[in-house]
There are 2 protein chains.
Amino acid sequence: MKKITIGEASRQSGVKVPTIRYYEGIGLLSAPSRSEGNQRSYEPADISRLVFIRHARELGFEVDAIRTLLTLQDDPNQSCASADAIAKARLIDVEQRIRSLMALKVELEAMVAGCGHGRVDQCRVIEVLADHGQCAHSYH
Amino acid sequence: MKKITIGEASRQSGVKVPTIRYYEGIGLLSAPSRSEGNQRSYEPADISRLVFIRHARELGFEVDAIRTLLTLQDDPNQSCASADAIAKARLIDVEQRIRSLMALKVELEAMVAGCGHGRVDQCRVIEVLADHGQCAHSYH
DNA sequence: CTTGCACCTCTAGTCGCTAGAGGATGTAGG
DNA sequence: CCTACATCCTCTAGCGACTAGAGGTGCAAG
């Protein structure tokens with residue numbers, strides 16, 4: 001039952017101090033009790049919640065999605081269909097992003113390979129950017 | 001020498017009208033001449049510049065990087081080493097992003113596959129987020 | 001001449017934080 | 001007990017790259 005300060009909570013959860021306060025402000029984390037001197041005092045459950053949030057953020061889930069996931073976590077009797085849907089949507093998004101980035105990689109490689117370190121008027125980087133028709137791929 | 005309105009410039013360049021004004025505001029695009037009635041009047045060169053900007057943005061270049069690329073384009077006597085460096089940095093960034101996203105994809109796939117559409121207390125999505133140790137990869 | 005769309009400027013909002021000011025509290029050493 | 005210093009508090013403003021909306025003007029077709 002020892003009190004966990006915000007700094008300690010930050011160290012244990014890996015979430016920065018101002019970010020913890022920010023999460024409280026937007027209602028992702030409920031306001032903890034306060035010490036005599038008005039300092040936040042966290043409990044182990046809050047640390048778990050912060051780890052959950054951090055992990056979800058690292059996986060690219062938006063704050064709104066995390067809010068939904070957290071309400072699901074709080075009530076384990078619900079169907080997990082929502083959580084499943086959120087994860088699936090995120091997966092589709094990630095797959096799309098990977099495809100775009102792969103195409104982009106090809107294009108950048110061609111740009112860099114084409115650049116002979118001469119003057120700008122022979123530079124493929126500039127040329128490709130100026131004229132979309134030069135693109136290796138026209139995915140965008 | 002017909003005047004190109006901002007709407008027409010938008011259609012031809014693929015850059016939205018408010019975004020064109022925004023680019024003017026941040027100095028990416030110089031302020032065009034105005035009509036009698038104070039309406040912006042663009043020239044073909046402006047459209048090219050907008051296409052250049054749009055293309056670079058789609059490739060993920062930041063506005064600051066584009067600013068540099070544009071000054072290079074304006075003065076073709078310079079060495080293209082800067083443009084080359086910008087493109088190379090971007091390539092490295094893209095490769096890193098692809099690696100992260102691939103690892104993330106694996107993790108999301110495991111989550112979604114593990115979800116039996118039952119109740120939340122058996123849901124792998126929630127479980128994995130709550131306990132980092134469950135991760136397929138610990139890259140983050 | 002009116003209708004209605006496109007244009008104008010300006011401000012404020014988006015997202016997920018991050019930085020800094022200016023002050024209070026808590027703790028360790030002397 | 002005093003001082004020094006880290007940590008905490010609240011509040012506001014800033015980031016990047018736009019986007020949305022209010023409130024008003026210009027212009028072209030019917």
Side-chain angles (χ1 to χ4, degrees), chain A residues 2-29 31-43 46 49-70 86 89-90 93 97 140, chain B residues 2-29 31-42 46-47 49-70 86 89-90 93 97 140:
Chain A
K2 62 183 68 167
K3 55 190 168 186
I4 304 171
T5 65
I6 196 169
E8 192 48 39
S10 170
R11 248 160 273 131
Q12 284 182 33
S13 67
V15 179
K16 288 182 195 159
V17 169
T19 306
I20 295 175
R21 286 196 278 251
Y22 168 73
Y23 286 159
E24 184 184 322
I26 61 168
L28 260 196
L29 196 68
S33 57
R34 299 287 184 125
S35 75
E36 296 254 323
N38 196 35
Q39 303 204 350
R40 286 170 182 83
S41 177
Y42 293 95
E43 289 171 46
D46 296 316
R49 202 170 173 97
L50 280 171
V51 169
F52 185 101
I53 295 169
R54 178 175 64 81
H55 197 181
R57 286 294 300 136
E58 280 169 352
L59 288 171
F61 290 93
E62 291 177 4
V63 164
D64 257 12
I66 296 173
R67 217 185 293 269
T68 306
L69 290 171
L70 281 167
I86 291 170
R90 179 83 195 117
D93 177 51
R97 244 175 246 248
H140 51 264
Chain B
K2 63 184 67 168
K3 54 190 169 184
I4 303 171
T5 66
I6 196 168
E8 191 49 38
S10 170
R11 247 160 275 131
Q12 284 183 32
S13 67
V15 179
K16 289 183 196 157
V17 169
T19 306
I20 295 176
R21 286 196 278 250
Y22 168 74
Y23 286 159
E24 184 183 322
I26 62 168
L28 215 48
L29 195 69
S33 57
R34 298 289 183 124
S35 74
E36 295 256 323
N38 197 34
Q39 304 205 348
R40 286 171 182 81
S41 177
Y42 293 95
D46 296 316
I47 309 298
R49 204 171 172 97
L50 279 171
V51 169
F52 185 101
I53 295 169
R54 178 175 65 80
H55 198 181
R57 285 294 301 135
E58 280 168 353
L59 288 172
F61 290 92
E62 292 177 3
V63 164
D64 258 12
I66 297 173
R67 218 185 292 270
T68 306
L69 290 171
L70 281 168
I86 292 171
R90 181 81 196 120
D93 177 50
R97 240 177 249 242
H140 52 264

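Chain letters run A, B, ... following the sequence lines, proteins first and then strands; every chain starts at 1.
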Pairwise side-chain contact, B:Arg67 with B:Val63, heavy-atom cut-off 4.5 Å (strictly under): yes
Nearest to side-chain heavy atoms of B:Tyr22, which nucleotide of D:dT19, C:dT25, C:dT9: D:dT19
Whole-Å distance separating the OH atom of A:Tyr23 from the C1' atom of C:dT18: 12 Å
Nearest listed nucleotide, side chain of A:Ser35, among D:dC18, C:dG26, C:dC8: C:dG26
Closest non-hydrogen atom pair, B:Leu29 against B:Tyr42: CD2-CE2, 4.0 Å
Polar side-chain atom of A:Ser13 near backbone of A:Ala9 as donor-acceptor pair, under 3.5 Å: yes
Touch class at under 4.0 angstrom, heavy-atom based, for B:Arg21 against every strand present: base
Interatomic distance, A:Tyr23 atom OH to A:Lys16 atom NZ [nearest 0.5 angstrom]: 10.5 Å
Value in whole Å for how far the C1' atom of D:dC18 lies from CD1 of B:Ile53: 14 Å
Flag if over 12 foreign heavy atoms under 6.0 Å of CD, B:Glu8: yes
Closest-nucleotide 5' rank along DNA chain C - winner of B:Gly7 and A:Gln39: B:Gly7
B:Arg34 CZ to D:dG26 P, straight-line distance once rounded to whole Å: 13 Å
d(CZ, A:Arg57; P, C:dC17) in whole Å: 4 Å
Short side-chain N/O contact to D:dG16 OP1/OP2 from B:Arg67, under 4.0 Å: no
A:Asn38, nearest nucleotide to its side chain (from C:dT18, D:dC9, D:dC18): D:dC9
Those residues of residues 10-17 of chain A lying under 4.0 Å from DNA chain C by at least one heavy atom: A:Lys16
Nearest to side-chain heavy atoms of A:Val63, which nucleotide of C:dG26, C:dG16, C:dT18: C:dG16
Straight-line distance of B:Glu24 CD to B:Asp46 CG, nearest 0.5 Å: 9.5 Å
For atom CD of B:Glu62 and atom P of D:dA17, their distance in whole Å: 5 Å
A:Ile6 side-chain proximity, nearest of D:dC8, C:dC7, C:dG16: D:dC8
Touch class at under 4.0 angstrom, heavy-atom based, for B:Glu36 against every strand present: nothing
B:Ile26 CD1 to D:dC15 C1', straight-line distance once rounded to whole Å: 13 Å
Proximal nucleotide (of D:dC9, D:dT19, C:dC17) relative to the B:Thr19 side chain: D:dT19
Distance test, side-chain N/O of A:Arg40 to OP1/OP2 of D:dC8, below 4.0 Å: no
Protein-nucleotide distance (A:Glu24, atom CD; D:dC11, atom P), rounded to Å: 12 Å
B:Arg54 (side chain) donor-acceptor with B:Glu58 (main chain) under 3.5 angstrom: no
Polar side-chain atom of B:Arg21 near backbone of B:Gly25 as donor-acceptor pair, under 3.5 Å: no
Integer-rounded Å distance: D:dA17 C1' and B:Arg54 CZ: 16 Å
